[in-house]
*Asks:* 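Take a look at the following structure, please.
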Amino acid sequence: MSQKPSLPKGMRDFGPLQMARRNYILDTIKKVFQKFGFMPLETPAMENLSTLTGKYGDEGDQLLFKVLNSGDFLSKSSVTDFESGSKSMLSKVSEKGLKYDLTVPFARYVVMNQNDITFPFKRYQIQPVWRADRPQRGRYREFYQCDADVVGTDSLICEAEIVLMITEVFEQLKFTDYSIKINHRAILTGMAEAIGAEDKASDLFVAIDKLDKIGLEKVCEELLQRGLDQSSVDALKPLLSIEGSFEQKIEQLTQHLNNSESGKKGIEELQQINAHLDSFGFTDKNIELDTTLARGLSYYTGAIFEVKVNNVSIGSVSGGGRYDNLTGVFGLSGTSGVGFSFGIDRIYDCLEELNLFEEVMLNFTEVLITHFDEQTQRYGLSILKALRDAGIKSEIYPDQAKLKKQFGYADKKGIPYTITIGSEEMNSGLLSLKNMADGQQEKLSIQQIITKITGQ
RNA sequence: GUGAUUGUAGUUCAGUUGGUUAGAACGCCUGAUUGUGGUUCAGGAGGUCGCGGGUUCGAGUCCCGUCUUUCACCCCA
């Protein structure tokens with residue numbers, strides 16, 4: 001009675017090679033977060049469903065993984081609940097869910113611990129999140145987010161620092177061709193006002209976000225379908241064809257949005273962020289003001305970020321923004337937050353596709369001890385301890401086996417050195433050290449071996 | 001959630017209009033080499049053809065369902 005093992009849809013194992021690479025990405029991100037003064041935080045895999053629902057829009061609620069109540073989960077429900085559909089049934093059989101992102105649990109944490117937290121509070125959080133989405137390349141049902149957020153300050157230095165952190169991480173990961181897109185929610189609102197489509201604002205945003213993907217014509221088509229007036233669409237066209245440097249775009253936006261308070265505010269904030277970046281001496285060319293960027297509309301209220309790696313068919317690898325009202329839903333108002341998230345799984349896919357992993361060394365076993373019988377193996381254990389005491393990653397072949405097999409093991413595992421212990425070596429105390437790369441073998445004392453390996 | 005698409009050995013893939021015993025490469029195991037891996041040579045093991053039903057004298061091949069993969073939409077990291 002054996003069953004064919006399988007994995008749930010959209011979930012993956014990570015083997016040793018993948019783990020080495022993932023850790024390389026994570027370590028890079030962690031170090032940068034820490035350098036900017038962020039402190040670690042973890043929250044549980046599960047939250048109360050009441051914490052999660054309603055925070056991500058209707059779409060988001062559908063993508064939440066709900067967890068069945070423990071024990072007799074039907075005991076609280078009735079036939080009436082069942083008959084009135086899955087929605088009313090759900091609240092009776094499930095009160096917990098897997099977290100969907102790290103921002104909402106973070107907001108929950110901040111509210112619950114508001115009296116103990118020193119504001120502004122900077123935290124980073126690296127954990128898996130779950131979405132019941134239909135999997136695709138770069139889209140998984142379980143994936144890691146690496147968030148850094150600041151709550152309790154309105155300072156636009158935070159926004160500038162987000163740009164700095166993204167740039168530093170991408171530079172260290174050896175990405176060269178990528179764009180950090182930045183926009184402002186207030187600019188989007190300003191655009192809606194300028195073209196007289198405030199009531200259709202969210203339809204407008206969803207459509208213009210697709211501009212780089214489907215082009216101006218199709219966006220306009222979609223807007224008309226979504227019920228916008230022809231005059232609004234016509235008024236929008238010049239807004240979408242804004243080109244040039246950051247300063248040039250700002251200038252054009254100022255002209256178009258000078259009647260909108262909201263638009264003016266957005267422009268001013270982006271200018272300030274840009275000024276902060278100047279003060280930092282930031283000169284990176286990968287940042288770009290993109291007035292068609294419209295993401296995270298359900299809670300972002302200020303600046304919006306998104307990072308894409310060019311020439312790779314994967315969506316955004318990082319995103320974020322400022323949200324004024326997030327802790328408000330948990331009863332703490334007037335606390336602004338700004339943050340962003342790296343999608344490590346997508347970053348991994350990008351690095352792999354661009355062949356940027358070559359410099360990641362698999363830092364595993366350095367020495368394997370091979371032997372002939374019980375006696376030489378036992379002697380090998382004392383050698384093994386000496387190697388490990390010297391800080392050398394080492395192991396002994398655990399079974400009695402032919403040398404051929406033991407050497408084959410070292411070869412396949414990529415172990416650079418082997419020490420062979422036979423009766424001769426035991427008697428003389430001079431062990432056979434073999435360099436697996438060039439095949440050279442010499443007889444050395446354990447001290448000489450340690451010096452040779454650690455000294456290199 | 002809507003519409004497509006994929007599934008054959010450990011892996012990557014062949015498999016003709018439905019026809020006898022489902023193949024290859026790589027990998028794996030054994031030996032050539034009883035104190036030595038990566039090369040070479042000889043031999044060997046390994047498959048409920050995703051799963052369940054149906055059509056047929058006969059199904060890896062055709063039909064239906066289901067799961068899985070990939071892709072577009074939606075949305076997102």
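Letters A, B, ... mirror the listed sequences (proteins, then strands); counts begin at 1.
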*Asks:* Between atom CD in A:Q62 and atom C1' in B:rG1, what is the gap in whole Å?
*Replies:*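 In whole Å, B:rG1 C1' lies 6 Å from A:Q62 CD.
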
*Asks:* Does A:E222 have any salt bridge (charged side-chain N to carboxylate O under 4.0 Å, His left out) partners at least two apart in sequence or in another chain, and if so, which?
*Replies:*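 In terms of salt bridge (charged side-chain N to carboxylate O under 4.0 Å, His left out), with neighbours along the sequence ignored, A:E222 is linked to A:K210, A:R226.
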
*Asks:* Just distance, no hydrogens or angles: give the donor-acceptor pairs under 3.5 Å from side chains in residues 45-52 of chain A, sequence neighbours left out.
*Replies:*
| from | atom 1 | to | atom 2 | distance (Å) |
| --- | --- | --- | --- | --- |
| A:E47 | OE1 | A:R108 | NH1 | 2.9 |
| A:E47 | OE2 | A:R108 | NH1 | 2.5 |

*Asks:* Should the heavy atoms of other residues, nucleotides or ligands under 6.0 Å from CD of A:Q34 be counted, would the total exceed 12?
*Replies:*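 Count over threshold, so yes.
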
*Asks:* A:T28 and A:Q172: side-chain donor and acceptor closer than 3.5 Å?
*Replies:*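 No, because no side-chain N or O of A:T28 sits under 3.5 Å from a partner of the opposite role on A:Q172.
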
*Asks:* Just to verify, what does A:E442 make a salt bridge (charged side-chain N to carboxylate O under 4.0 Å, His left out) with, not counting sequence neighbours?
*Replies:*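 Applying salt bridge (charged side-chain N to carboxylate O under 4.0 Å, His left out) to A:E442 gives A:K452.
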
*Asks:* Which residues pass the salt bridge (charged side-chain N to carboxylate O under 4.0 Å, His left out) test with A:K218, sequence neighbours left out?
*Replies:*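 By the salt bridge (charged side-chain N to carboxylate O under 4.0 Å, His left out) rule, A:K218 matches no residue at all.
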
*Asks:* Generate the contact string for nucleotides 31-37 of chain B. Rules: B means base contact, S means sugar-phosphate contact only, - means no protein heavy atom under 4.0 Å.
*Replies:* S---BBB

*Asks:* Take atom C1' in B:rC13 and the same atom in B:rG1, then report the distance between them in whole Å.
*Replies:*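 The answer is 34 Å between these two C1' atoms.
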
*Asks:* Distance check needed: B:rA72 C1' versus A:I214 CD1, whole Å only.
*Replies:*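 Roughly 13 Å, once rounded to whole Å.
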
*Asks:* Could you give the NZ-to-C1' distance, from A:K55 to B:rC76, as a whole number of Å?
*Replies:*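 One finds 19 Å between C1' of B:rC76 and NZ of A:K55, rounded.
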
*Asks:* Apply ring pair (Phe, Tyr, Trp, His ring centres under 6.0 Å) to A:F305 and list each qualifying residue two or more places apart in sequence or on a separate chain.
*Replies:*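 For A:F305, no residue satisfies ring pair (Phe, Tyr, Trp, His ring centres under 6.0 Å) once neighbours in sequence are set aside.
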
*Asks:* When the C1' atoms of B:rC49 and B:rA59 are considered, how many whole Å apart are they?
*Replies:*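 Comparing C1' positions in B:rC49 and B:rA59 gives a spacing of 11 Å.
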
*Asks:* Go through the structure and list residues passing ring pair (Phe, Tyr, Trp, His ring centres under 6.0 Å) with A:Y178, not counting sequence neighbours.
*Replies:*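 In terms of ring pair (Phe, Tyr, Trp, His ring centres under 6.0 Å), with neighbours along the sequence ignored, A:Y178 is linked to A:F170.
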
*Asks:* Could you measure between the two P atoms, the one in B:rG10 and the one in B:rC29, and give it in whole Å?
*Replies:*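 Straight-line distance between the two P atoms is 15 Å.
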
*Asks:* Do we count A:F143 as stacking onto B:rA77 if the rule is ring centres under 5.5 Å and planes under 30°?
*Replies:*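 A stacking contact exists, since A:F143 sits close and nearly parallel to the base ring of B:rA77.
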
*Asks:* How far does the P atom of B:rC51 sit from the matching atom of B:rU11, given to the nearest Å?
*Replies:*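 It comes out at 14 Å once rounded to the nearest Å.
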
*Asks:* Once you round it to whole Å, what is the distance between C1' of B:rC75 and CZ of A:R131?
*Replies:*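 Result: 9 Å.
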
*Asks:* Taking atom P in both B:rA9 and B:rG52, compute the distance separating them and give it to the nearest angstrom.
*Replies:*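 Taking atom P in both B:rA9 and B:rG52, they lie 16 Å apart.
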
*Asks:* What is the distance, rounded to the nearest whole Å, between atom CZ of A:F305 and atom C1' of B:rA77?
*Replies:*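 That distance rounds to 16 Å.
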
*Asks:* By nearest nucleotide on RNA chain B, pick out whichever of A:E59 and A:V307 is the more 5' one.
*Replies:*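 Closest to the 5' end, via its nearest nucleotide, is A:E59.
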
*Asks:* Can you check the distance between B:rG7 and B:rG15, where both ends of the measurement are the C1' atom (answer in whole Å)?
*Replies:*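 15 Å, rounded to whole Å.
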
*Asks:* Measure the distance from OH on A:Y178 to P on B:rA77 and round it to the nearest whole Å.
*Replies:*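 Atom OH in A:Y178 sits about 19 Å away from atom P in B:rA77.
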
*Asks:* A:Y409: what forms a ring pair (Phe, Tyr, Trp, His ring centres under 6.0 Å) with it, not counting sequence neighbours?
*Replies:*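 Only A:Y397 meet the ring pair (Phe, Tyr, Trp, His ring centres under 6.0 Å) criterion with A:Y409.
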
*Asks:* Write down the distance between CZ (A:F205) and P (B:rC76), rounded to a whole number of angstrom.
*Replies:*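 So the CZ-P distance, A:F205 to B:rC76, works out to 13 Å.
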
*Asks:* Does A:R22 make a cation-pi contact with A:Y144 (under 6.0 Å, within 45 degrees of the axis)?
*Replies:*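 The answer is yes; both the distance and angle limits are met.
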
*Asks:* Go ahead and write out RNA chain B as dot-bracket, 5' to 3': ( ) for pairs within the strand, [ ] for ones crossing earlier pairs, | when the partner sits on another strand, dots for unpaired; Watson-Crick or G-U wobble, both distances under 3.5 Å.
*Replies:* ((((..(..((((.....[...)))).(((((.......))))).....(((((..]....))))))..))))....

*Asks:* Between B:rA4 and B:rG27, how far apart are the C1' atoms? Round to whole Å, please.
*Replies:*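 To the nearest whole Å, 35 Å.
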
*Asks:* What about A:R139: does its side chain form a donor-acceptor pair under 3.5 Å with the base of B:rA77?
*Replies:*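 In this structure, the two groups form no donor-acceptor pair.
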
*Asks:* Just the table, please: protein N/O against nucleotides 68-71 of chain B N/O, every pair under 3.5 Å.
*Replies:*
| from | atom 1 | to | atom 2 | distance (Å) |
| --- | --- | --- | --- | --- |
| B:rU68 | OP2 | A:K9 | NZ | 3.4 |
| B:rU69 | OP1 | A:G10 | N | 3.4 |
| B:rC71 | OP2 | A:R137 | N | 2.3 |

*Asks:* What is the distance from CD of A:Q125 to C1' of B:rA77, rounded to the nearest Å?
*Replies:*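 Whole-Å distance recorded here is 15 Å.
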
*Asks:* Under the ring pair (Phe, Tyr, Trp, His ring centres under 6.0 Å) rule, collect the residues that match up with A:Y379, sequence neighbours excluded.
*Replies:*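 Testing A:Y379 for ring pair (Phe, Tyr, Trp, His ring centres under 6.0 Å), a comparison that skips the adjacent residues, returns none.
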
*Asks:* In whole Å, what separates the C1' atom of B:rC62 from that of B:rU56?
*Replies:*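 Going atom to atom, C1' in each nucleotide, I get 10 Å.
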
*Asks:* Between A:R123, A:R322, A:K122, which is the residue that forms a salt bridge (Lys or Arg N to Asp or Glu O under 4.0 Å) with A:D149?
*Replies:*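 That would be A:R123; it is the only one of A:R123, A:R322, A:K122 passing the salt bridge (Lys or Arg N to Asp or Glu O under 4.0 Å) with A:D149.
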
*Asks:* With sequence neighbours left out, write down each residue that passes side chain to side chain donor-acceptor pair (under 3.5 Å) with A:Y100, or none if nothing qualifies.
*Replies:*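 Not a single residue meets the side chain to side chain donor-acceptor pair (under 3.5 Å) criterion with A:Y100.
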
